[in-house]
Number of protein chains: 2
Amino acid sequence: MYVTLPTEPAFPAASLPMRGSPKRRAAFQRTLRCAEGHTLFYEGDEAEMIYQIKSGVVRLTRVLENGRRQVISFGLPGDFVGFPDGDRHHSDCEIIAPAEFIAHSRRALESGEGNVETHRRLLHAALQEISAMQDHFMMLARKSAMEKVASFLLVLSQRTGIGFGAQLAVSLPMSRADIADFLGLTIETVSRCFSQLRKDGVIVLDTPQSVRVRDAAALRRAALSTE
Amino acid sequence: MYVTLPTEPAFPAASLPMRGSPKRRAAFQRTLRCAEGHTLFYEGDEAEMIYQIKSGVVRLTRVLENGRRQVISFGLPGDFVGFPDGDRHHSDCEIIAPAEFIAHSRRALESGEGNVETHRRLLHAALQEISAMQDHFMMLARKSAMEKVASFLLVLSQRTGIGFGAQLAVSLPMSRADIADFLGLTIETVSRCFSQLRKDGVIVLDTPQSVRVRDAAALRRAALSTE
DNA sequence: CGGCACGTTGAGTGCCCTCAATGCCGGTGG
DNA sequence: CCACCGGCATTGAGGGCACTCAACGTGCCG
C-alpha cells in the first residue's frame with residue numbers, strides 16, 4: 001500500500017502510516033512516498049518507524065545550541081534511517097530528492113515482532129551504521145579539504161553514478177552548504193575544491209548539481225592522498 | 001609503536017572465556033579480567049563476544065592504510081564495546097587501564113538467545129552508541145582545539161572524576177597521542193591546550209596523567225565556546 | 001527590473017600543523 | 001652510583017591550509 005505525501009508544509013510523517021488504520025496492530029511494514037523539501041521526522045520526535053530508502057535522497061542533520069549545524073549523513077537508496085535513541089529520534093531527517101521508503105515499525109527492530117528476518121536485517125543495518133560512522137570519523141578528523149571532497153564524490157559516484165559514455169554522471173541534490181556541513185568545511189572551501197577538480201580535468205560541472213567524473217582513477221588518488 | 005607492550009604478549013582474550021569450557025554452549029555471559037597493555041580484540045577478528053566494561057578503561061582504534069590512526073572512542077565503566085559489523089570486529093580494542101568485563105555472546109545481541117532482557121539491553125546500547133557517535137561528529141568537525149580538549153576533559157571528569165575537596169580529580173590513563181588521535185589534533189596542540197587551561201587556573205596538572213579540575217564552570221565555558 | 005538564494009572567486013588572516021629543542025622519568029648497563 | 005638511552009610531554013618558531021570577509025555572477029521569481 002502506498003501513502004503519497006503532499007505538497008503541504010512539513011509534518012510528522014512518521015505517524016501517518018499508522019494512525020487510523022484498521023490494521024494498525026498488524027502494520028509492521030508500509031511503503032511511503034514523499035516529495036522533496038518535506039521532513040520525515042524531527043529530532044525529539046517519538047520514533048515509531050524506521051525507514052529503508054528505496055529511491056531518492058534524504059539528509060540527516062543535528063544542530064548545536066549555538067547554531068552550528070552538522071549533517072550526520074545523506075541517506076541513499078538502500079540505506080536505513082531513523083534508528084532511535086531510546087524512543088526518540090536524535091536528528092532531523094529531510095527529503096532532498098523525491099523519495100520512496102519502506103517503513104518498519106520500531107518494534108520490528110526491538111522485539112522482532114512481525115518478522116524474524118526483518119528483525120535480523122534491521123539489527124544488521126544498525127550495526128553496519130556504527131561501522132560506517134567510524135569511517136566518517138577518519139574523514140572528519142584526518143583528511144584534508146580536497147581529500148574530503150574527493151572521497152565524497154567518489155562514494156556518491158560509486159553508489160548513484162550512471163554510466164555516461166566513458167564518464168560517470170552523478171547528481172548532487174544537496175546544496176554546497178549541506179556538503180560543507182557534512183564534511184566539516186565551509187561552503188567556500190567546498191566550492192574551491194570542486195573548481196580545482198574541474199581545472200585538473202578530473203570532473204566536469206554541468207551545473208552545480210550535476211557532475212560527471214572524467215577520471216575516476218585521479219579522483220580515487222585525490223581521495224586517498226597517501227602523500 | 002605508540003603504546004608500551006605488556007610483560008606478556010598480547011593474546012586473543014576474547015576467546016579465553018569460551019575455549020575448553022565444558023559449559024560452552026550455555027555460556028552466554030561471563031566475567032573477564034584483563035591487565036593493561038593487552039588487546040581484547042583486533043580489527044578483523046571474528047566477533048564472538050560483546051563486552052560491557054565493569055571497571056578500567058579501553059581504547060578503540062582504527063588505522064588507515066597510510067598509517068593515519070583514529071581513536072574511535074575510549075571505553076569507560078558502563079560502556080559496551082565490541083559491536084560487530086557482520087561477524088567481524090571493525091576496530092582494535094586495547095586495555096589501557098586494568099579492566100573487568102562482562103562478556104556477552106554475540107548471539108545474545110543478534111537472536112536474543114539466552115535472555116530477552118540482555119538482548120534488549122545490548123540492542124539499546126548499540127542504538128545509543130549511534131547517537132553518541134553523532135555527537136562526536138560535531139566535536140571533530142566543528143569545534144576548535146581548545147573546545148575539543150575542554151569537552152574531552154569535561155566528559156571524563158563527569159564520568160570518572162572523584163571529588164577532591166572543592167576540586168575534581170580525573171585520571172588520564174591514555175597518552176597525549178591517544179587524546180590527539182581521538183580529537184583529531186596533534187600531540188603538541190593537545191599539550192598546548194592543557195597548558196593553557198593550567199595557566200588560566202581551570203585545571204591543575206599533578207602529573208601528565210593526573211588532572212584536577214579547579215573551575216568546572218570555566219571548563220564548561222571553554223567546551224561550549226559560543227563566541 | 002529588482003530582489004533573493006546560491007555558487008564561485010579573490011584577498012587576507014589566523015589557527016593549528018610541522019619541525020625542532022628541551023626536560024623529565026624509568027630502565028639498563030657500566 | 002652515575003651515564004646513557006628511549007619514550008613521553010612540553011614549549012617555541014615558522015609556515016600552510018582552511019577560514020573569514022567581501023565582491024561578483026547566475027538563475028529564479030515576483
Side-chain angles (χ1 to χ4, degrees), chain A residues 36-37 59 66-69 71 96 139-153 171-200 203-211 222 225 227, chain B residues 1-7 36-37 59 66-71 96 139-153 171-200 203-211 222 225 227:
Chain A
E36 162 197 353
R59 182 192 64 204
N66 55 18
R68 281 181 284 192
R69 188 182 73 145
V71 172
I96 58 177
M139 176 91 113
L140 291 174
R142 291 290 176 218
K143 289 192 179 184
S144 71
M146 184 52 91
E147 291 173 287
K148 288 178 179 180
V149 171
S151 302
F152 176 72
L153 273 180
S171 151
L172 299 175
M174 64 292 287
S175 69
R176 294 291 186 268
D178 288 338
I179 299 174
D181 284 344
F182 179 60
L183 298 176
L185 299 170
T186 59
I187 302 172
E188 296 94 327
T189 300
V190 171
S191 184
R192 272 184 256 270
C193 287
F194 274 106
S195 298
Q196 188 61 48
L197 289 170
R198 179 172 47 72
K199 283 175 195 160
D200 295 347
I203 62 172
V204 179
L205 277 168
D206 294 322
T207 75
Q209 279 71 41
S210 174
V211 185
S225 153
E227 56 86 25
Chain B
M1 189 194 278
Y2 283 94
V3 180
T4 325
L5 280 188
T7 44
E36 163 198 353
R59 183 192 65 204
N66 55 20
R68 280 180 285 191
R69 188 183 76 146
Q70 177 69 35
V71 171
I96 59 176
M139 175 90 112
L140 290 174
R142 290 291 174 220
K143 290 193 179 181
S144 71
M146 183 52 90
E147 290 173 286
K148 289 178 179 179
V149 171
S151 302
F152 176 71
L153 273 179
S171 152
L172 300 175
M174 65 290 288
S175 70
R176 293 292 186 270
D178 288 337
I179 300 174
D181 284 344
F182 179 60
L183 299 176
L185 299 170
T186 57
I187 302 173
E188 296 93 327
T189 299
V190 171
S191 185
R192 272 184 257 268
C193 288
F194 274 106
S195 298
Q196 189 60 50
L197 289 171
R198 179 171 47 71
K199 283 175 195 160
D200 294 346
I203 62 172
V204 179
L205 276 168
D206 293 322
T207 74
Q209 278 71 42
S210 173
V211 184
S225 150
E227 56 85 25

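Just so we're on the same page: letters track the sequence lines, and every chain starts at 1. Computed from a predicted model, the values in this text were never measured in an experiment.
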Student check: side-chain heavy atoms of [X] and [Y] closer than 4.5 Å:
{"X": "Met174(B)", "Y": "Phe152(B)", "result": "yes"}
{"X": "Gln209(A)", "Y": "Ser171(A)", "result": "no"}
{"X": "Leu153(A)", "Y": "Leu172(A)", "result": "yes"}
{"X": "Leu197(B)", "Y": "Met146(B)", "result": "yes"}

Under 3.5 Å between N/O atoms: give me all the protein pairs with nucleotides 28-30 of chain D, atom names plus distance.
none

message = For Arg69(A) versus Ala177(A), what's the shortest heavy-atom pair and its separation?
response =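 Shortest heavy-atom separation between Arg69(A) and Ala177(A) comes out as NH2-O, 3.6 Å.
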
Give the rounded distance in Å between these two atoms: [atom1] of [X] and [atom2] of [N].
{"X": "Leu172(B)", "N": "dT10(D)", "atom1": "CG", "atom2": "C1'", "result": "15 Å"}
{"X": "Lys143(B)", "N": "dC16(C)", "atom1": "NZ", "atom2": "P", "result": "14 Å"}
{"X": "Arg142(B)", "N": "dC16(C)", "atom1": "CZ", "atom2": "C1'", "result": "16 Å"}
{"X": "Glu147(A)", "N": "dC17(D)", "atom1": "CD", "atom2": "C1'", "result": "12 Å"}

Side-chain polar contacts of residues 183-194 of chain B - donor-acceptor pairs under 3.5 angstrom, sequence neighbours left out - could you list them?
from: Thr186(B); atom 1: OG1; to: Thr189(B); atom 2: N; distance (Å): 3.3
from: Thr186(B); atom 1: OG1; to: Thr189(B); atom 2: OG1; distance (Å): 3.0

### Task
Output the residues of residues 178-186 of chain A in contact with DNA chain D, where contact means a heavy atom of the residue under 4.0 Å from an atom of the strand; sort by number or write none.
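By residue number: Gly184(A), Leu185(A), Thr186(A).
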
Counting primed atoms, P, OP1 and OP2 as sugar-phosphate and everything else as base, the B/S/- map of nucleotides 6-15 of chain C against protein heavy atoms under 4.0 Å is -SBBBB----

| message | Do the side chains of Asp181(B) and Arg59(B) get close enough for a salt bridge, i.e. N-O under 4.0 angstrom? | response |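 No salt bridge links Asp181(B) with Arg59(B).
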
- [ ] Can you sort out the partners of Ser210(B) under side chain to side chain contact (heavy atoms under 4.5 Å, CB included), two or more places apart, ordered by chain and number?
- [x]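 Residues passing side chain to side chain contact (heavy atoms under 4.5 Å, CB included) with Ser210(B): Asp206(B), Thr207(B).
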
Residues which pass side-chain hydrogen bond (donor to acceptor under 3.5 Å, both in side chains) with Arg176(B), listed by chain and number, not counting sequence neighbours =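 Expected list: none.
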
| message | Suppose we screen for side-chain hydrogen bond (donor to acceptor under 3.5 Å, both in side chains). Which residues come up paired with Glu36(A), at least two apart in sequence or across chains? | response |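 With neighbours one apart ignored, the set is empty.
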
